[in-house]
2 protein chains.
Amino acid sequence: MSLATNAADQPTLYKRIRADIEKRILTGEWPPGHRIPFEHELVARYGCSRMTVNKALSELAQADLIERRRRAGSFVRRPQHLSAVLKIADIRAEITALGRGYGYELIGRKLRAATAADRERLGVKKAGKVVAITCRHSADKVPFAVEDRLIDLSSVPDAATADFSREPPGSWLLHHVPWTEAEHTISAIVADDRTAEALDIAVGAPCLVIDRYTWRSARTITAVRLLYPGDSHRLVARFKGG
Amino acid sequence: MSLATNAADQPTLYKRIRADIEKRILTGEWPPGHRIPFEHELVARYGCSRMTVNKALSELAQADLIERRRRAGSFVRRPQHLSAVLKIADIRAEITALGRGYGYELIGRKLRAATAADRERLGVKKAGKVVAITCRHSADKVPFAVEDRLIDLSSVPDAATADFSREPPGSWLLHHVPWTEAEHTISAIVADDRTAEALDIAVGAPCLVIDRYTWRSARTITAVRLLYPGDSHRLVARFKGG
DNA sequence: TTGACTTATATGTCTAGACATATAATCGTG
DNA sequence: CACGATTATATGTCTAGACATATAAGTCAA
């Protein structure tokens with residue numbers, strides 16, 4: 001005989017409040033800069049305690065949809081710089097997710113004392129050992145990307161003995177080393193002889209370049225350059241915002 | 001004579017709890033999958049009420065750093081697909097932020113009934129009017145990007161009368177139309193005659209291409225293609241993750 | 001008009017409870 | 001042993017208060 005305690009409302013109250021406000025913001029009814037009702041007004045409107053509306057508003061603030069100012073109130077934030085969540089998965093996962101057959105080929109692997117160029121690329125000052133890896137990823141036997149990677153062995157000693165002949169270094173690192181920060185730089189180049197051969201495209205064809213640097217608490221882990229055939233591969237970023 | 005009520009701790013308690021846990025996750029001390037202490041344990045450790053630790057844990061969950069499961073506990077999430085926040089600001093803001101002089105030039109503007117190609121590009125089915133705009137952005141008098149844009153007038157009627165000869169359409173839209181969702185596609189091409197001339201680069205030089213589609217609640221607003229000289233311009237994405 | 005001081009107020013944080021609910025673990029039974 | 005019913009438990013939500021604190025707004029004197 002026990003019925004739902006809250007008659008016919010699926011979501012919890014604070015979620016309903018949050019969704020109500022979010023909707024008004026996204027539909028433009030409350031434009032950027034608009035002052036949202038005060039907490040005590042929402043308390044009156046929804047007949048709940050202040051902690052409940054506070055939770056709803058706090059989450060909206062955490063999501064950067066509104067800005068809260070003491071004594072002044074809460075305001076709809078203006079569409080911040082267009083920011084997109086660019087999902088760049090591990091290449092193997094990316095190809096597998098596309099339902100295509102993943103292929104991997106280790107082209108070269110060298111363990112050496114860091115040269116001046118290596119140190120500059122990794123952004124470290126003192127000397128140390130590094131592993132340099134070149135490899136190729138393919139999808140359904142067609143070259144998908146070539147990878148040129150440098151791993152700092154003082155940050156990741158295990159990489160010296162890891163077997164990269166079958167497991168791609170990106171996947172290996174992802175599962176062995178936690179990262180805290182990274183940076184991508186995206187640019188375009190035209191294929192030189194070596195790149196053209198590796199990707200099986202014409203010399204002078206466009207290539208998309210991703211340079212990725214990964215750190216763990218200010219300590220460099222790896223620097224990698226990925227080259228994709230530019231006219232075929234596409235990076236897609238989807239985002240939401242106010 | 002009034003001292004701080006809480007002796008020598010700047011941040012509030014729940015923020016300290018949150019920061020403590022975040023640190024352990026980011027340093028790898030608590031790896032992905034690790035169960036973090038139960039709320040009642042944290043309550044005992046910090047000597048506070050459950051609502052306080054609950055607030056800390058809820059925020060970590062909202063930030064996708066941990067996952068909370070009823071009866072089971074809270075767990076460190078595994079590094080989701082590498083996801084980067086790619087900040088692609090309004091071009092004018094981007095150039096200004098670099099401390100360079102922004103220049104803008106409207107190359108062409110046409111108001112027309114949507115052609116089949118327009119409709120396909122915007123992803124709409126029924127006919128309607130569109131504005132097609134071509135323009136060029138420059139930094140310190142040097143071509144920075146050329147823009148080729150289509151605006152759906154059924155979504156943004158004001159765009160028909162807006163003056164795009166001085167204000168770039170991107171900035172105008174950003175300030176007049178709230179967006180809810182967008183998608184970027186990044187690729188590389190080599191410059192053809194027209195592009196080479198517009199960007200003042202050689203024919204066959206690499207170009208970075210960004211195609212951006214913007215919607216407002218499933219309604220297409222605009223489709224834009226931006227072409228950047230590929231060897232000079234770089235998109236930088238920074239991100240954090242577990 | 002300007003600057004310094006005071007006050008009012010909205011948000012920020014916190015408590016000590018309460019009941020709801022999903023689900024892992026246990027217990028019985030066929 | 002397999003499977004369904006029961007129980008224990010950690011999180012989820014909520015309340016009715018409390019005091020802290022930043023700051024917009026008002027007050028008043030120079």
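Each chain gets a letter, A, B and so on, in the order its sequence line appears, and its residues count up from 1.
The residues A:Glu67 and A:Arg69 are annotated as salt-bridged, a charged nitrogen and a carboxylate oxygen being separated by less than 4.0 angstrom.
Map B:Phe38 and A:Gly47 each onto its nearest nucleotide of DNA chain D; the residue landing nearer the 5' end is B:Phe38. Ranked by how close their nearest DNA chain D nucleotide is to the 5' end, B:Leu57 and A:Tyr14 are led by B:Leu57.
Applying the ring-ring contact (aromatic ring centres under 6.0 Å, His included) test to every pair with at least one member in residues 53-75 of chain A, sequence neighbours left out, gives no pairs at all.
Side-chain nitrogen and oxygen atoms of A:Thr12 include at least one within less than 4.0 Å of the OP1 or OP2 phosphate oxygen of D:dT13. Distances shown here put a side-chain N or O of A:Arg68 below 4.0 Å from the OP1 or OP2 atom of C:dG12. When the side-chain nitrogen and oxygen atoms of A:Lys15 are compared with OP1 and OP2 of D:dT13, one or more of them lie within a distance under 4.0 Å. For D:dA10, the OP1/OP2 oxygens have no side-chain nitrogen or oxygen of B:Ser74 closer than 4.0 Å.
Each end of the helix from C:dT1-D:dA30 to C:dG30-D:dC1 gets its own axis from five base pairs, and the two axes differ in direction by 20°, given to 10 degrees.
Checked by atom type, the side-chain pair A:Tyr14/A:Glu59 shows a donor-acceptor distance below 3.5 Å.
For the pair A:Asn54 CG and D:dG17 P, the interatomic distance rounds to 17 Å; values are reported in whole Å. For the pair B:Glu39 CD and D:dG12 P, the computed distance is 7 Å after rounding to whole Å. Look at CZ on A:Arg50: it is 13 Å from P on D:dT15, rounded to the nearest Å. Atom CD1 in B:Ile66 sits roughly 16 Å away from atom P in D:dA10 (whole-Å rounding). Between the CD atom of A:Gln62 and the P atom of C:dG12 there is a distance of 13 Å, rounded to whole Å. Between A:Leu13 atom CG and C:dC19 atom P there is a gap of 19 Å when expressed in whole angstrom units. Taking atom NZ on B:Lys55 and atom P on D:dC14, their separation rounds to 15 Å, with Å as the unit. When rounded to the nearest whole Å, the span between CE of A:Met51 and P of C:dA16 equals 14 Å.
Contact of B:Arg71 with D:dA10 (side chain to base): no donor-acceptor pair of N or O atoms is detected under 3.5 Å. Contact of B:Arg69 with D:dG12 (side chain to base): no donor-acceptor pair of N or O atoms is detected under 3.5 Å.
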N/O donor-acceptor pairs under 3.5 Å from side chains in residues 144-151 of chain B, not counting sequence neighbours:
from: B:Glu147; atom 1: OE1; to: B:His137; atom 2: NE2; distance (Å): 2.6
from: B:Glu147; atom 1: OE2; to: B:Arg149; atom 2: NE; distance (Å): 2.7
from: B:Glu147; atom 1: OE2; to: B:Arg149; atom 2: NH2; distance (Å): 3.0
from: B:Arg149; atom 1: NH1; to: B:Thr222; atom 2: OG1; distance (Å): 3.3

### Task
Evaluate the side-chain contact (heavy atoms from CB on, under 4.5 Å) criterion for residues A:Thr52 and A:Leu42: first the C-alpha distance (whole Å), next the side-chain angles of each, then the deciding distance (0.1 Å), finally the verdict.
CA-CA 10 Å; A:Thr52 301; A:Leu42 293 169; over 6 Å; no
#### Entry: Chi angles and distances behind the salt bridge (charged side-chain N to carboxylate O under 4.0 Å, His left out) call for A:Lys141, A:Glu105
CA-CA 11 Å; A:Lys141 316 276 186 193; A:Glu105 192 185 340; over 6 Å; no
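Considering only the side chain of A:Thr52, D:dC14 comes nearest among D:dT13, C:dT13, D:dC14. Nearest nucleotide to the side chain of A:Arg70, out of D:dT21, D:dT11, C:dT13: D:dT21.
Among the protein residues, A:Ser58 comes within range of no part of the nucleic acid, since none of its heavy atoms lies under 4.0 Å from any strand.
Annotation for B:Val53 and B:Cys48: closest pair CG1-SG, 3.6 Å, computed over non-hydrogen atoms. Residues A:Asp152 and A:Val130 approach most closely at CA-CG1, 4.5 Å, considering heavy atoms.
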